[in-house]
Undergrad: 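Would you mind keeping the following structure in view while I ask a few things?
Here is how names work: the chains are called A, B, and so on, in the same order as the sequence lines, proteins then strands, and each is numbered from 1. As the structure is a prediction and not an experimental result, all values here were calculated from the model.
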2 protein chains.
Amino acid sequence: MQDPLTQLPGYVLRRASAAALARLNERLAPLGLRHIDVALMLLVEATPGLTPSRAGRVLDIQRANMVPLVARLESRSLMARQRVDGRSHALRLTAEGRSRLSRARAVVAHCEAALLRPVPVKLRPHVLPILMALWNPQDE
Amino acid sequence: MQDPLTQLPGYVLRRASAAALARLNERLAPLGLRHIDVALMLLVEATPGLTPSRAGRVLDIQRANMVPLVARLESRSLMARQRVDGRSHALRLTAEGRSRLSRARAVVAHCEAALLRPVPVKLRPHVLPILMALWNPQDE
DNA sequence: TATTGTTATACTCTATAACTATA
DNA sequence: TATAGTTATAGAGTATAACAATA
């Protein structure tokens, strides 16, 4: 018998994603971070002053779910909130946050490299374009 | 500002997977099925008599989590369990399960097609090989 | 009116530990 | 001793509704 699911790109996409995520989280755990923390920190580093709402829109995280995420990073002194408005907060990394992120970035780079390693060298340039295309499907 | 995360295959992999899964579940909902139900049904169809334990190993689902999954399909008369052993159960699709699965398969085919549509035709043959490679990463 | 941050809440998915009965 | 099925449970992750304060 042969597993019929491995013929379905969508299924393999899910399995590959779940496996990669699990390994990344495993390697980030010693830093006290999860993948989602690093995603937000990378985004805030690239866009200082970003608000939680806007960050949530970029990361596809609901406003309500940003609250515990930001609070957790703030409570660990990795991120700081600053009122910019009567209702908006500007997010910035603290010095400790930047230093933690540089270590996390090394972990991410390691995992990204491990992810690509089994892809034949000739196909590697196609990986990101293909994944970007899969991210943006057209329903008819 | 540019989103630094879209340069990371691992991140795009996750976003693509989550988006594809959400759309699939949305389209399966009218059939009363979720993606995981269809995955199990496809597997059991291809391997009649499979036990929940073995199915779980193929699908990467814990033994304990197979229980409510199989129970739900059984309670809807889509799948049947048969004792084969003092401790093992053989899983099979019922006639209703097969008919429901044929409708689900059409939904899956539609979603898979929508997933691949934005990929340039020349790159499409590389999609599955690349995803299979990403699924099986080598850590060093 | 629309948006931000927030609380509360519920639901799915997943992981672990422990138990029984069988092989 | 190892495996199958099961129960109970806890933790992520995610989604929705509602509210106050502000734009």
Undergrad: Rounded to whole Å, how long is the line connecting atom CG of Leu24(B) with atom P of dC13(C)?
TA: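 Rounded to the whole Å, the gap is 12 Å.
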Undergrad: Produce the list of close N/O pairs, under 3.5 Å, pairing protein atoms with atoms of nucleotides 9-14 of chain D; give distances to one decimal.
TA:
from, atom 1, to, atom 2, distance (Å)
dG13(D), OP2, Arg34(A), NH1, 3.2

Undergrad: Determine yes or no for a side-chain-to-main-chain donor-acceptor pair under 3.5 angstrom, with Arg76(B) supplying the side chain and Gly97(B) the backbone.
TA: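 Absent.
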Undergrad: According to the interplanar angle, ranging from 0 to 90°, do the rings of His126(B) and His126(A) count as parallel (below 30°), tilted (30 to 60°) or perpendicular (above 60°)?
TA: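 Ring orientation, 0 to 90° scale: parallel.
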Undergrad: Do any N or O atoms of the protein come closer than 3.5 Å to N or O atoms of nucleotides 18-20 of chain D, and which pairs are they?
TA:
none

Undergrad: Could you identify which residues of residues 71-90 of chain B place a heavy atom less than 4.0 Å from some atom of DNA chain D, listed by residue number, or say none?
TA: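 Only Arg81(B), Arg87(B), Ser88(B), His89(B) qualify.
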Undergrad: Determine whether a donor-acceptor pair (N or O, by modelled atom type, separation under 3.5 Å) exists between the side chain of Thr47(A) and the backbone of Leu50(A).
TA: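 Side chain of Thr47(A) to backbone of Leu50(A): no pair is present.
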Undergrad: Going by the rule side chain to side chain donor-acceptor pair (under 3.5 Å), which residues pair with Arg63(B) if we only count those two or more places apart in sequence or in a different chain?
TA: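 In terms of side chain to side chain donor-acceptor pair (under 3.5 Å), with neighbours along the sequence ignored, Arg63(B) is linked to no residue.
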Undergrad: Using 4.0 Å as the upper bound for N to carboxylate O, is an ion pair formed by Glu112(A) and Arg105(A)?
TA: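 Not counted as a salt bridge, because no side-chain N and carboxylate O are separated by less than 4.0 Å.
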Undergrad: With a cut-off of 3.5 Å and sequence neighbours excluded, list every side-chain donor-acceptor pair involving residues 24-43 of chain B.
TA:
from, atom 1, to, atom 2, distance (Å)
Asn25(B), OD1, His35(B), N, 2.8
Asn25(B), ND2, Leu21(B), O, 3.4
Arg27(B), NH2, Asp139(A), OD1, 3.2
Arg27(B), NH2, Asp139(A), OD2, 3.2
Asp37(B), OD1, Arg72(B), NH1, 3.1
Asp37(B), OD2, Arg34(B), N, 2.8
Asp37(B), OD2, Arg72(B), NH1, 2.7

Undergrad: Relative to the 5' end of DNA chain C, which residue comes earlier, Ala22(A) or Val67(A), by the nucleotide with the nearest heavy atom?
TA: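 Mapping each residue to its closest nucleotide by heavy atoms, the 5'-most match is Val67(A).
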Undergrad: How long is the line joining CG of Leu40(B) and P of dC13(C), in whole Å?
TA: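 Those two atoms, CG and P, are 13 Å apart.
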Undergrad: Taking atom C1' of dT6(C) as reference, at what distance in whole Å does atom CG of Leu69(A) sit?
TA: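 The answer, rounded to whole Å, is 15 Å.
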Undergrad: Using whole Å, report how far CZ of Arg54(B) lies from P of dA2(D).
TA: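 It works out to 19 Å between those atoms.
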Undergrad: For Ala19(B), does its backbone N or O pair with a side-chain atom of Arg23(B) as donor and acceptor, under 3.5 Å?
TA: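 Indeed, once roles are kept as given, a pair shorter than 3.5 Å links the two residues.
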Undergrad: Strictly distance-based, threshold 3.5 Å: is any side-chain N or O of Ser102(B) a donor or acceptor partner for the main-chain N or O of Ser99(B)?
TA: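 Yes; judged by distance alone, with no hydrogens or angles, the pair exists.
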Undergrad: Decide yes or no for Leu91(B) and Pro52(B): does some side-chain heavy atom of the first lie under 4.5 Å from some side-chain heavy atom of the second?
TA: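 Sidechains of Pro52(B) and Leu91(B): in contact.
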Undergrad: Considering only residues two or more places apart or on different chains, which pairs with a residue in residues 82-94 of chain B satisfy salt bridge (Lys or Arg N to Asp or Glu O under 4.0 Å)?
TA: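 Qualifying pairs, neighbours excluded: Asp85(B)-Arg87(B).
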Undergrad: Is any side-chain N of the basic residue among Arg81(B) and Glu74(B) closer than 4.0 Å to the acidic one's carboxylate O?
TA: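 Salt bridge present between Arg81(B) and Glu74(B).
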